[in-house]
Engineer: 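What follows is a single structure, and I will ask about it in a moment.
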Amino acid sequence: MSETLPDIEHRTVLLRGGDVHSPADPFATAMVVERGHVAWVGSEGAADAFASGVDEVIDLEGALVTPAFVDAHVHTTATGLALTGLDLSSAASLAEATEKIRAYATARPDDRILIGHGWDASRWPERRAPHRDELDRLTGGRPLYLTRIDVHSAVATTALLDLVPGIRELSGFRDGEPLTGDAHHAVRRAAYAVLSPAQRTEAQRAARAHAASLGIGTLHECGGPEISSEDDFTGLLDLAREETGPRVVGYWADLDIERARALGAVGAAGDLFADGSLGSHTACLHDAYTDAGHTGIAHLDAAAVAAHVVGCTEAGLQAGFHAIGDAAVTAVVEGVRAASEKLGLARIRAARHRVEHAEMLTPETIAAFAELGLTASVQPAFDATWGGGEGMYAERLGVERARTLNPYAALLRSGVPLAFGSDSPVTPLDPWGTVRAAAFHRTPEHRISVRAAFTAHTRGGWRAVGRDDAGTLVPGAPADYAIWRADELVVQAPDDRVARWSTDPRSGTPGLPDLTPGGELPVCLRTVVFGQTVFVRPNE
């Protein structure tokens with residue numbers, strides 16, 4: 001992955017007087033950045049030798065410096081629209097959602113289309129999505145597109161449906177019910193087509209600025225013909241090249257490998273759907289849903305997966321698939337294994353193909369991930385949001401099956417590379433909250449240490465795009481870092497399964513903030529990407 005940042009004038013900067021999280025020196029208090037890279041990490045006393053030869057000295061005043069986070073799965077424009085538009089994720093009932101829709105429509109009388117996100121009828125006492133006729137009345141007959149929180153189903157007004165010829169004949173259209181499948185994808189394309197370029201750019205800027213304010217230095221954009229549009233994707237990559245902010249690595253979810261390459265994607269990957277989602281009953285399962293008499297929807301079989309992996313590997317691009325249900329994960333594994341039998345295991349492993357979400361895993365599929373060198377690009381906030389004995393997972397699958405989901409400890413023990421992300425706007429950009437969710441998983445046997453989770457959300461994201469030289473503050477690494485106001489640093493393990501020596505300060509393991517649930521998360525003071533400041537907290 002090459003740098004795709006604006007041309008900038010690099011300054012040599014000395015940071016001192018804080019805690020620098022670096023494996024090069026577990027007790028480091030200072031760091032020098034030169035020409036966009038880390039030049040030196042060490043002690044406060046040794047920093048004196050650099051002070052007169054730098055362009056700027058930053059007194060950390062006890063703050064913590066860490067590598068910037070990498071969010072390995074984001075939908076940037078949709079995230080920006082949720083930030084600047086209609087967000088229903090906090091609505092506790094259909095009645096509350098209705099009032100939010102009414103107020104938003106009233107406040108924006110000139111918008112050609114209204115777009116919102118985040119409704120979740122499984123959490124509402126009414127237990128249903130808003131009906132189309134209700135939405136028609138609330139919006140005065142204007143086009144409205146409202147995605148469910150998992151973005152795998154949506155409701156829309158009649159005016160928006162009328163923009164899609166033949167919508168009622170497409171799979172996933174059931175009159176009076178949320179749209180899924182092809183019908184949903186067609187309506188989403190129509191909705192985004194109505195957005196003006198200025199609206200898209202505004203949303204993309206808002207998303208990148210918000211990410212920077214959270215210490216995120218890199219976003220993996222997961223676009224595709226069924227998710228956004230080519231103009232949206234290329235516009236975002238252009239914006240990231242032209243304006244400061246978090247870097248953007250683009251994945252285009254398309255079986256047309258040459259089209260993905262032409263658009264500037266590093267992979268024909270990301271949300272290339274092998275199935276759907278659990279919340280929308282479209283994830284593909286081996287056994288039927290507990291609360292529905294079917295097994296979901298399969299979009300790709302093993303043969304299609306194999307053909308795509310072979311094509312991507314030969315083209316020098318990453319392949320990757322969205323796979324949540326156990327049947328979908330099995331199809332992906334079988335397909336990648338078939339590709340390895342054709343091209344050789346070494347070539348498949350070297351390509352670092354990805355699986356997004358990978359929630360319903362078995363010991364056999366975990367072992368296959370390790371064997372085939374597949375990166376598990378996963379979202380711990382899913383468990384925090386929908387896990388537990390009374391959560392959506394248990395409702396869809398039953399408690400026993402739900403307890404098997406998102407087995408991060410088993411993945412790490414097997415040597416499977418992890419890259420953490422949010423799938424924003426499905427769950428919010430929230431890197432420290434993501435680390436906490438993995439360390440304090442609702443199913444205790446799936447918990448991992450804070451250190452392992454932090455690594456998955458920093459270095460893991462770089463490794464997922466083929467870079468082993470980044471995501472850690474050591475000399476020679478890109479100077480992507482964040483400065484945090486945080487309480488006491490500790491070496492934290494979620495339970496006694498982690499060896500005691502690793503939590504002892506004498507081990508020389510760099511500390512991280514205490515993420516015990518209920519406590520305050522660190523506050524980002526500054527974010528730097530390739531040596532350039534992209535965020536400074538006001539009044540700090």
Side-chain angles (χ1 to χ4, degrees), residues 73-89 101 111-120 129-130 132 135 139 142-175 177-197 199-200 203-204 207 221-236 250-256 259 263 270-277 279-283 297 299 322 324 356 423-426:
H73 193 119
V74 176
H75 305 287
T76 307
T77 302
T79 296
L81 290 170
L83 290 167
T84 61
L86 175 56
D87 182 3
L88 299 179
S89 60
I101 296 166
D111 283 8
R112 291 186 297 168
I113 186 169
L114 303 169
I115 293 181
H117 166 74
W119 61 268
D120 184 0
R132 188 166 70 246
L135 298 176
T139 60
R142 276 185 291 169
L144 168 70
Y145 172 66
L146 283 180
T147 47
R148 189 186 183 278
I149 192 166
D150 60 3
V151 198
H152 282 271
S153 58
V155 292
T157 56
T158 302
L160 180 55
L161 296 182
D162 288 344
L163 297 177
V164 186
I167 180 65
R168 287 164 176 78
E169 283 71 53
L170 294 178
S171 64
F173 183 89
R174 295 180 298 279
D175 203 15
E177 296 185 32
L179 303 161
T180 60
D182 291 343
H184 177 214
H185 299 155
V187 167
R188 175 160 52 196
R189 282 193 296 271
Y192 276 76
V194 177
L195 282 175
S196 69
Q199 284 176 298
R200 280 203 308 267
Q204 291 167 354
E221 165 66 13
C222 291
E226 295 181 342
I227 300 161
S228 51
S229 70
E230 293 184 3
D231 288 343
D232 181 86
F233 186 74
T234 57
L236 175 62
Y251 287 92
W252 184 252
D254 200 334
L255 293 174
D256 185 341
R259 190 62 194 150
L263 293 174
D271 272 333
L272 185 52
F273 296 122
D275 68 343
S277 74
S280 293
H281 291 102
T282 52
I297 300 172
H299 296 297
H322 163 120
I324 287 180
E356 309 298 318
D423 199 10
S424 179
V426 175

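Computed over heavy atoms, backbone and side chain alike; hydrogens, waters and symmetry mates excluded. Since this is a predicted model, take the numbers as computed values, not measurements.
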Engineer: Please give me the minimum heavy-atom distance between Pro130 and Val155, naming the atom from each residue.
Structural biologist: O-CG1, 3.8 Å
Engineer: Which residues satisfy the side chain to side chain contact (heavy atoms under 4.5 Å, CB included) test with Ser171, sequence neighbours excluded?
Structural biologist: Asp182
Engineer: So which heavy atom on Ser280 is nearest to which on Asp150, and how close?
Structural biologist: OG-OD2, 3.0 Å
Engineer: Taking the side chain from Trp119 and the backbone from Ser89, do they hold a donor-acceptor pair closer than 3.5 Å?
Structural biologist: no
Engineer: Could you grab the distance from atom CG of Leu179 to atom CD1 of Ile167, nearest 0.5 Å is fine?
Structural biologist: 6.0 Å
Engineer: Partners of Thr84 by side chain to side chain contact (heavy atoms under 4.5 Å, CB included), sequence neighbours excluded?
Structural biologist: Ala206
Engineer: Should the pair Asp175-Arg168 be classified as a salt bridge under the 4.0 Å nitrogen-to-oxygen rule?
Structural biologist: no
Engineer: Establish, from distance only, whether the side-chain atoms of Thr77 and Gln204 form a donor-acceptor pair under 3.5 Å.
Structural biologist: yes
Engineer: Establish, from distance only, whether the side-chain atoms of Ser229 and Asp231 form a donor-acceptor pair under 3.5 Å.
Structural biologist: no
Engineer: Name all residues meeting the side chain to side chain contact (heavy atoms under 4.5 Å, CB included) criterion together with Glu177; count only those two or more places apart in sequence or in a different chain, and write none if there are none.
Structural biologist: Arg174
Engineer: Can you name the closest pair of heavy atoms from Leu163 and Ala190 and give their distance?
Structural biologist: CB-CB, 4.5 Å
Engineer: Rounded to the nearest 0.5 Å, how far does CD1 of Ile227 lie from SG of Cys222?
Structural biologist: 7.0 Å
Engineer: Quick check: closest heavy atoms across Gly223 and Ser228, and the distance to 0.1 Å?
Structural biologist: CA-OG, 3.9 Å
Engineer: Return the set of residues passing ring pair (Phe, Tyr, Trp, His ring centres under 6.0 Å) with Phe273 (not counting sequence neighbours), or none when no residue passes.
Structural biologist: His152, His185, His322
Engineer: List in chain and number order the residues that pass ring pair (Phe, Tyr, Trp, His ring centres under 6.0 Å) with His73, two or more places apart in sequence or in another chain; answer none if no residue qualifies.
Structural biologist: His75, His357
Engineer: Could you report the tightest heavy-atom contact between Val74 and Thr79, atom names first, then the distance?
Structural biologist: CG1-OG1, 4.0 Å
Engineer: Once rounded to the nearest 0.5 Å, what's the spacing between atom CG of Asp271 and atom OH of Tyr251?
Structural biologist: 12.5 Å
Engineer: Rounded to the nearest 0.5 Å, what separates atom CG in Leu88 from atom CG in Asp120?
Structural biologist: 11.0 Å
Engineer: So, His117 and Tyr145: side-chain donor and acceptor under 3.5 Å apart, yes or no?
Structural biologist: no
Engineer: In chain order, what residues pass the ring pair (Phe, Tyr, Trp, His ring centres under 6.0 Å) check against His299, with sequence neighbours excluded?
Structural biologist: none
Engineer: Between the side chains of Glu230 and Arg259, is the shortest nitrogen-to-carboxylate-oxygen separation below 4.0 Å, so that they form an ion pair?
Structural biologist: yes
Engineer: What are the two closest non-hydrogen atoms of Val194 and Arg112, and how far apart are they?
Structural biologist: O-NH2, 2.7 Å
Engineer: Could you grab the distance from atom CG of Asp111 to atom CD of Gln199, nearest 0.5 Å is fine?
Structural biologist: 6.0 Å
